[in-house]
Chemist: 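Mind looking over this structure? Questions follow.
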Amino acid sequence: MLRTFLKKALLKMGFNEKVYDLLKKIPERKLSTYKILAEKLNTKAYRAVGNALNKNPNAPYVPCHRIINSNGFIGGYAKGIKKKIDLLKKEGIEIKNNKIDLKKYLFKF
DNA sequence: CCGTTGACTCTTT
DNA sequence: AAAAGAGCCAACG
């Protein structure tokens, strides 16, 4: 189990790793978007970013709930969209009609 | 190995 | 303004 995880982590270390790394830099009360992450990775594969989070091998460790759509809507969450909203609210982020004020909370790397 | 799919976003009807 | 197309890339069958 642990072995499998380590093996994959050491062997892969590509696209996803970078995504998680960026994610970990986002402080509480802050947000970012799929777009920004992709651009940080020097790519336009916004989907691949979402895909990486969906698999989310580091679930509790990486704050993947702090990533939302570029239009300010929530997007999705592997464990349920409600859970995502709860977590965000808990961090002090206000959500109206499943939408977030990006300008207010956006974290700039 | 090729085709599909998806927590996406931008551009063009 | 709303819908469809295009681009991009990892994961899965």
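All figures in this text were calculated on a predicted structure; none of them were measured in a lab. Chain A is the first sequence line, chain B the second, and so forth, proteins listed ahead of strands; every chain is numbered from 1.
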Chemist: If you check the A:Arg47 side chain, which of B:dT9, B:dG6, C:dC9 turns out closest?
Modeler: B:dG6

Chemist: Of the candidate nucleotides B:dC8, C:dA10, C:dC8, which contains the atom at the shortest distance from the side chain of A:Tyr34?
Modeler: B:dC8

Chemist: Which whole number of Å gives the distance between the C1' atom of C:dA2 and that of B:dA7?
Modeler: 23 Å

Chemist: Kindly point out which of B:dA7, B:dC10, C:dA11 is positioned nearest to the side chain of A:Ser70?
Modeler: B:dC10

Chemist: Kindly point out which of C:dA11, B:dG6, B:dC10 is positioned nearest to the side chain of A:Asn51?
Modeler: B:dG6

Chemist: Give the rounded distance in Å between these two atoms: CG of A:Asn56 and P of B:dG6.
Modeler: 18 Å

Chemist: Taking everything shown except A:Lys89 itself, do over 12 heavy atoms lie less than 6.0 Å from its NZ?
Modeler: no

Chemist: Indicate, yes or no, whether a donor-acceptor pair under 3.5 Å links the base of B:dA7 to the side chain of A:Tyr77.
Modeler: no

Chemist: Between C:dA11, B:dT9, C:dA10, which nucleotide has the shortest distance from any of its atoms to the side chain of A:Lys55?
Modeler: C:dA11

Chemist: Rounding to a whole Å, what distance do you find between A:Lys18:NZ and C:dA10:C1'?
Modeler: 14 Å

Chemist: Expressed as a whole number of angstroms, how long is the span from A:Tyr46:OH to C:dA6:C1'?
Modeler: 12 Å

Chemist: Grab the CD1-P distance between A:Ile100 and B:dA7 for me, whole Å please.
Modeler: 18 Å

Chemist: Quick one: is B:dC10 close enough that its OP1 or OP2 comes under 4.0 Å of any side-chain N or O from A:Lys35?
Modeler: yes

Chemist: Reckon A:Asn69 has a side-chain N or O less than 4.0 Å from the OP1 or OP2 of B:dT9?
Modeler: yes

Chemist: So, the side chain of A:Asn69 versus the backbone of A:Asn71: is there a donor-acceptor pair under 3.5 Å, distance only?
Modeler: no

Chemist: Using the benzene-type ring in the case of Trp, are the ring centres of A:Phe107 and A:Tyr105 under 6.0 Å apart?
Modeler: no

Chemist: I need the CG-C1' distance between A:Leu23 and B:dA7, as an integer number of Å.
Modeler: 12 Å

Chemist: Would you confirm whether A:Arg66, through its side chain, and A:Ile26, through its main-chain N or O, come within 3.5 Å as a donor-acceptor pair?
Modeler: yes

Chemist: Check this one for me: any side-chain N or O of A:Thr43 less than 4.0 Å away from OP1 or OP2 of C:dC8?
Modeler: no

Chemist: Select base, sugar-phosphate, or nothing to describe what A:Asn54 touches, counting heavy atoms under 4.0 Å on all strands.
Modeler: base

Chemist: Expressed as a whole number of Å, how far does the P atom of C:dG5 sit from that of B:dT4?
Modeler: 16 Å

Chemist: Roughly, in whole Å, what's the span from CG in A:Leu53 to P in B:dC8?
Modeler: 10 Å

Chemist: With distance as the sole test, does A:Lys84 use its side chain to make a donor-acceptor pair with the main-chain N or O of A:Ile74 at under 3.5 Å?
Modeler: yes

Chemist: C:dA6 P sits how many Å from A:Lys44 NZ, rounded?
Modeler: 17 Å

Chemist: How many Å lie between CG on A:Leu41 and P on C:dA10, as a whole number?
Modeler: 10 Å

